[in-house]
Amino acid sequence: MVHSIEDGPDILYIDRHYIHEVTSPQAFIGLKERGIPVFRPGKTIATADHNIPTKDQHLQIMDELSRNQVERLSENCSKYGIELFGLNHPKNGIVHVIGPELGYTLPGMTIVCGDSHTSTHGAFGTIAFGIGTSEVEMVLATQCILQPKPKKMRITVNGNLHKGVTSKDIIMYIISEISTGGATGYFVEFSGSAIKSLSMEARMTICNMSIEMGARGGLIAPDETTFDYLRKLPSIPGIDDLESSVNQWKNLKSDPHASFDHELEFDAGLIKPMITYGTNPGMGMAIDGSIPMAEDKNKEASSSYLKSLEYMGLKPGMKLLGHPIDYVFIGSCTNGRIEDFRAFAQIIRGRKKAANITALIVPGSKKVEEQMASEGLIEVLKNAGFEVRQPGCSSCLAMNEDKIPQGKYTVSTSNRNFEGRQGPGARTLLASPFTAAAAAITGKISDPREFITEEKNVKI
Amino acid sequence: MPKVKFDFLESTCVPLPFENVDTDQIIPARFLSATSREGFGNNLFRDWRYLKTGEKNSDFILNNPKFSGKVLVAGKNFGSGSSREHAVWAIFDYGFRAVVSSFFADIFMNNSLNNGLLPVVISEELLIKLQCLIQKNPATKVKIDLEKQIFTIIPTGDSVRFGINPYKKECLLKGLDDIDFLLSMKSLITGYENNKNLVK
């Protein structure tokens, strides 16, 4: 923190700033109008991910407006000296996937990006949160941002996860318990034995979706799992002596007597594979459950609830198991990392895609795509009748062609089931990569636990 | 950043009594491909405002000529989801100058304050009362006095104090700009960098 304004927000220094094509152009226009440079270009990293196609990336982008945005990003990066992992760059990918895998996200940093899923980086013990374009301009201009201090919440998850239950199910369970606005105004620390047992990829999935309960950000204290992840990276920009940094990072944890404004505790053993049935991520339930009735809600809540179910073509009291679906999407900054595709492929291996399913399989980055190829996962998926696309945000927000058609159901490993999120009229059911795989081979909503043997259980 | 002032507003309202209205509803992602800040108002609430055929949806409140005004009275947890500032640009561009709710998503709140759109938080009870009043009588006016931080429902005289960060209040009242302020703090910022050895 640079400075605290009396009765006002703090001036927070930003160690790492990620930008992408959609929320940065207006910020660069602002700089131009002011006639000022980017203050610390070396601290900003850029990628094109939100609107890019996931097929034929070597060709010109068909959509004129999208192409214009990607071109503006390239121009701005070259004009101001910002490193760009743009379209067709061998390290291109979704901003929240490439940041960590290229070693730009490190414990203790303050990290912002004009994207709400910036909370993903909190998995490394960072203060990471999404910002608007005016704030992107602030960071470009001064490397600082004005931020009011958030309240603190700790969410502890203890116990052992059952087979077929993933980090995605943990966070979906928490959001279903506390609602989509349940952590608004808070920064959340996730702790407890179930969280500690997770890999970095799985921790990123948890922190990624902390925004879906309204949290400003989510974080997990760095530990040996974090340091081992960093030790395995081919290089870390700006760090010469990793072990000496690790020794400092070991101090990044909450004091044992730290006080929080709010504390919640959950038992991992109670969590089943989760699925959403409505149009916000808080509307989730166990996959073998029934859609809750509307009776216990007040009038306003009840009308919003029924409107949501109507959009989804579902009714209170219905079970979802066996409900036919049309699409499966695996990818996004929530579940587009290598472990997610390993889990997906584990269920697919030796089976075939259901005839009624169109699957969008989209790696989170070029690096993930390469790793999928080298581990033979692309082969497994091809043999089962699936096509693997090129990296990008894709159907998560459907800014490109990867739209789910009107009225169609999709089991999606992304983070938002908002109305129209995956295309006008699209009906999204959020779930884990296991549940997506089970749906992809059966053509309907299915319990992934039936396809996983205890000994073959990949933990994600 | 536009230097938009806000000090006082008296207006009729448009009610939108749904909870958890996310920024994807306010402005769908497919309209985010512009590289300027202008023109987003045309697509505000696009998929609620227009039918699949492209015609106006006469059931949607913005298409109901009975309701108009510069104040959007929204439901609980307004502006959740994506951080897109385009949502605020769309609301502002359409002509709203204030949004009233019982609570806002954090990023939306910041984005609003950075664009001269005043988010006013009132109790859930009063919010529901206001929604009902407007539905019954679309001529219902409210008064927002930022200096005094007082929100008033004119016909009933309900008057409450609303919260706002004092720094942000000052910025809105005087039309001050955050970046100008931060640029004026440059020596503090470089001092901090030197102290922490942040620029190598």
For A:Tyr311, is it the side chain, the backbone, both, or neither that has a heavy atom closer than 4.5 Å to a heavy atom of chain B?
neither
Side chain from CB out, backbone as N, CA, C, O: work out which of these in B:Phe103 comes under 4.5 Å of a heavy atom of chain A, or both, or neither.
side chain
Between A:Glu401 and B:Arg30, does any side-chain N to carboxylate O distance fall below 4.0 Å?
no
At a 4.5 Å cut-off on heavy atoms, which part of A:Ile36 comes close to chain B: side chain, backbone, both, or neither?
side chain
Could you tell me if A:Ser134 and B:Glu85 have a donor-acceptor pair between their side chains, going purely by distance under 3.5 Å?
yes
Looking only at atom types and distance, does a side-chain atom of B:Ser33 sit under 3.5 Å from a main-chain N or O of A:Leu65, one as donor and one as acceptor?
no
Distance check, rounded to the nearest 0.5 Å: A:His3 atom NE2 versus B:Leu188 atom CG?
6.0 Å
Residue pair A:Ile11, B:Phe181: steps toward the side-chain contact (heavy atoms from CB on, under 4.5 Å) verdict:
CA-CA 10 Å; A:Ile11 302 180; B:Phe181 170 75; 4.1 Å; yes
Would you compute the distance between atom CZ of A:Arg216 and atom CD1 of B:Ile107 and round it to the nearest 0.5 angstrom?
5.0 Å
More than 12 heavy atoms of other groups within 6.0 Å of B:Lys70 NZ
no
Most heavy-atom pairs under 4.5 Å with chain A, out of B:Arg46, B:His86, B:Lys196, belong to B:His86
Answer yes if the side chains of B:Glu19 and A:Tyr305 hold a donor-acceptor pair under 3.5 Å, and no otherwise.
no
Between B:Asp106 (side chain) and A:Gly185 (backbone), is there a donor-acceptor pair under 3.5 Å?
yes
Which answer fits A:Asp15, side chain, backbone, both or neither, if we ask what part of it has an atom under 4.5 Å from a heavy atom of chain B?
side chain
Test side-chain contact (heavy atoms from CB on, under 4.5 Å) applied to B:Trp89 and A:Gln26, step by step
CA-CA 11 Å; B:Trp89 298 337; A:Gln26 294 86 353; 3.6 Å; yes
Within a strict 4.5 Å, meaning less than it, do heavy atoms of the B:Asn114 and A:Glu135 side chains meet?
yes
Do side-chain atoms of A:Glu419 reach the backbone of B:Gln25 as a donor and acceptor pair under 3.5 angstrom?
no
Counting heavy-atom pairs under 4.5 Å with chain B, the top scorer among A:Glu21, A:Met1, A:Lys403 is A:Met1
Between the side chain of A:Gln69 and the main-chain N/O of B:Ala34, is any donor-acceptor distance below 3.5 Å?
yes
Below 4.5 Å, heavy-atom pairs only: which of A:Glu212, A:Arg40, A:Gln143 has the largest tally toward chain B?
A:Arg40
Which one of B:Asp24, B:Asp22, B:Asp47 satisfies the salt bridge (charged side-chain N to carboxylate O under 4.0 Å, His left out) criterion with A:Arg421?
B:Asp24
Please check if atom CG in A:Asp240 has more than 12 non-hydrogen atoms from other residues, nucleotides or ligands closer than 6.0 Å.
no
If I measure from the heavy atoms of chain A, does B:Phe104 come under 4.5 Å with its side chain, its backbone, both, or neither?
backbone
What one should report as the nearest heavy-atom pair of B:Phe18 and A:Ser304 is CA-OG, 3.6 Å
A:Gln406 versus chain B, heavy atoms under 4.5 Å apart: side chain, backbone, both or neither?
side chain
Under a 4.5 Å heavy-atom cutoff, which of B:Asn77, B:Leu182, B:Asn111 has the most pairs with chain A?
B:Leu182
Okay, B:Thr190 and chain A: the region with an atom under 4.5 Å from a heavy atom over there is side chain
Is any side-chain heavy atom of B:Ser83 closer than 4.5 Å to a side-chain heavy atom of A:Ile131?
no
Given a strict heavy-atom distance threshold of 4.5 Å, which part of B:Tyr192 is in contact with chain A: side chain, backbone, both, or neither?
side chain
Is it the side chain or the backbone of A:Glu64 that comes within 4.5 Å of chain B heavy atoms, both, or neither?
neither
Any donor-acceptor pair under 3.5 Å from B:Lys52 side chain to A:Pro424 backbone:
no
Would you call A:Arg34 and B:Asp180 a salt bridge, using N to O less than 4.0 angstrom?
yes
To the nearest 0.5 Å, atom CG of A:Asn76 lies from atom OG1 of B:Thr35 at 9.5 Å
Turns out that what part of A:Ile29 lies under 4.5 Å from chain B's heavy atoms comes down to side chain
With chain B as the partner, which of A:Gly423, A:Ala141, A:Gly114, A:Gly181 has the greatest number of non-hydrogen pairs under 4.5 Å?
A:Gly181
Under 4.5 Å, counting heavy-atom pairs only, tell me which of A:Ser66, A:Gly214, A:Gly420, A:Cys144 racks up the most with chain B.
A:Cys144
Engaged part of B:Met109 at the chain A interface, taking heavy atoms whose separation is under 4.5 Å
neither
Side chain from CB out, backbone as N, CA, C, O: work out which of these in B:Glu170 comes under 4.5 Å of a heavy atom of chain A, or both, or neither.
neither
Could you give the distance from CG (B:Asn20) to CG (A:Asn280), rounded to the nearest 0.5 Å?
5.0 Å
How long is the span from the OH atom in A:Tyr13 to the CD1 atom in B:Ile189, to the nearest 0.5 Å?
8.5 Å
Within 45 degrees of the axis of the six-membered ring of A:Phe39 and under 6.0 Å from its centre: does B:Lys186 put its NZ or CZ there?
yes
Nearest 0.5 angstrom please: A:His50 NE2 to B:Leu32 CG, how far?
8.5 Å
Above 12 or not: heavy atoms from other molecules or residues under 6.0 Å from CD of B:Gln135?
yes
